[in-house]
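What follows is a single structure, written as C-alpha cells, with notes after it.
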Amino acid sequence: QVQLVQSGGGLVQAGGSLRLSCAASGTIFSINDMGWHRQAPGKQRELVAGITSRGRTNYADSVKGRFTISRDNAKKRVYLQMNSLKPEDTAVYYCNAEISTHIVLAPKNYWGQGTQVTVSS
C-alpha cells in the first residue's frame, strides 16, 4: 500500500520560517501532481500549493511570494518552504499526491497524516 508521511511544522513567531516535507512510500509506479493543503479551525480545507510531475507550480493568492513548493522525484518527496509566516497561516497542513501503483491502474489521490503549523503574533 501507499503511504505519505509528513514531517516538519510546529510553532513559530510571525515573520519566521518553517519547512514541511512529505515522503511517499510503498508500491508506486508513478506520481503525478503533488501538493499541500491546509485546514484552519472552522474552515474548509484549501489548496496552498501544487506542483506537477514536470515542476509546474501554482499557489493560493494568500501565499504567493512567501511559500515555495518543490519536489524530488527520485526521492518521492514534496516540500513546502514557508517564509514570512503570518498568524493567519495557522492550520493543519496536509500533503497529497496522485499516485498510480501499476501501469494499468489509474492514479488515486493519497493524503498525508497532517501536521500542525502555529504562527504566533
Side-chain angles (χ1 to χ4, degrees):
Q1 60 269 25
V2 173
Q3 277 191 315
L4 295 182
V5 177
Q6 298 178 214
S7 59
L11 174 65
V12 66
Q13 287 189 330
S17 298
L18 285 173
R19 189 185 192 222
L20 304 181
S21 177
C22 174
S25 64
T27 304
I28 296 173
F29 172 73
S30 64
I31 303 178
N32 298 337
D33 293 351
M34 305 182 83
W36 291 93
H37 291 66
R38 66 186 180 188
Q39 187 166 19
K43 295 188 176 181
Q44 289 189 329
R45 190 174 296 189
E46 63 175 356
L47 174 68
V48 175
I51 185 167
T52 69
S53 59
R54 297 194 175 191
R56 180 171 293 183
T57 60
N58 64 287
Y59 296 93
D61 288 342
S62 59
V63 307
K64 282 181 181 176
R66 300 188 298 121
F67 290 11
T68 302
I69 188 171
S70 60
R71 64 190 283 172
D72 184 328
N73 290 330
K75 294 183 178 180
K76 300 182 179 65
R77 287 178 177 264
V78 63
Y79 306 96
L80 187 67
Q81 178 65 43
M82 304 183 291
N83 299 328
S84 302
L85 282 160
K86 303 175 181 180
E88 50 264 43
D89 294 318
T90 295
V92 177
Y93 283 71
Y94 298 90
C95 66
N96 78 292
E98 293 181 353
I99 296 174
S100 177
T101 57
H102 192 277
I103 190 171
V104 301
L105 296 177
K108 294 181 180 180
N109 196 34
Y110 293 86
W111 291 91
Q113 80 273 20
T115 187
Q116 178 70 46
V117 171
T118 303
V119 184
S120 63
S121 57

So which heavy atom on I69 is nearest to which on M34, and how close? CD1-O, 4.2 Å
Minimum heavy-atom distance between T115 and G9, given as atom pair plus value: OG1-CA, 4.1 Å
hydrophobic_cluster_shared for W111 and V2, side chain cutoff 4.5 Å: no
If two hydrophobic side chains count as joined below 4.5 Å and joins carry through other members, does W36 share a cluster with L85? yes
Value for NZ (K108) from CD (E98), rounded to nearest 0.5 Å, stands at 13.0 Å
Aromatic ring pairing F67/Y93, orientation class (parallel under 30°, perpendicular over 60°, tilted between): tilted
Test side-chain hydrogen bond (donor to acceptor under 3.5 Å, both in side chains) applied to R71 and N73, step by step: CA-CA 6 Å; R71 64 190 283 172; N73 290 330; 2.6 Å; yes
Hey, are the side chains of Y110 and T101 touching, using non-hydrogen atoms and a 4.5 Å cut-off? yes
Going by heavy atoms in the side chains, are Y79 and D72 under 4.5 Å from each other? yes
Approximate separation, where rounding is to 0.5 Å, of R77 CZ and S21 OG: 4.5 Å
Do P107 and I99 have side chains that get closer than 4.5 Å, going by heavy atoms? no
Cationic N near anionic O, under 4.0 Å, K64 to D61: yes
Distance col, row R56:CZ vs I51:CD1, nearest 0.5 angstrom, shows 11.5 Å
Expected list for residues 11-19: side-chain donor-acceptor pairs under 3.5 angstrom, two or more places apart:
{"from": "S17", "atom 1": "OG", "to": "N83", "atom 2": "OD1", "distance (Å)": "2.9"}

Give me each pair satisfying side-chain hydrogen bond (donor to acceptor under 3.5 Å, both in side chains) with a member in residues 2-12, each pair once, sequence neighbours excluded. none
For Q113 and L4 the tightest heavy-atom approach is OE1-O, 3.6 Å
Show the nearest heavy-atom pair for residues L47 and G50, with the distance to one decimal. CD1-N, 4.4 Å
Answer yes or no: is there a side-chain heavy-atom contact under 4.5 Å between Y59 and R66? no
Kindly compute the distance separating SG (C22) from CG (N96), expressed to the nearest 0.5 Å. 8.0 Å
Where do V78 and C95 come nearest, in terms of heavy atoms and distance? CG1-CB, 4.4 Å
Could you go step by step and tell me if M82 and V117 meet the side-chain contact (heavy atoms from CB on, under 4.5 Å) rule? CA-CA 10 Å; M82 304 183 291; V117 171; 3.9 Å; yes
Return the set of residues passing salt bridge (charged side-chain N to carboxylate O under 4.0 Å, His left out) with E46 (not counting sequence neighbours), or none when no residue passes. R38
Honestly curious: do V104 and F29 fall in one hydrophobic cluster under the side-chain, below-4.5 Å linking rule? yes
Closest non-hydrogen atoms of A40 and A91, given as atom of the first, atom of the second and distance, are N-CB, 3.8 Å
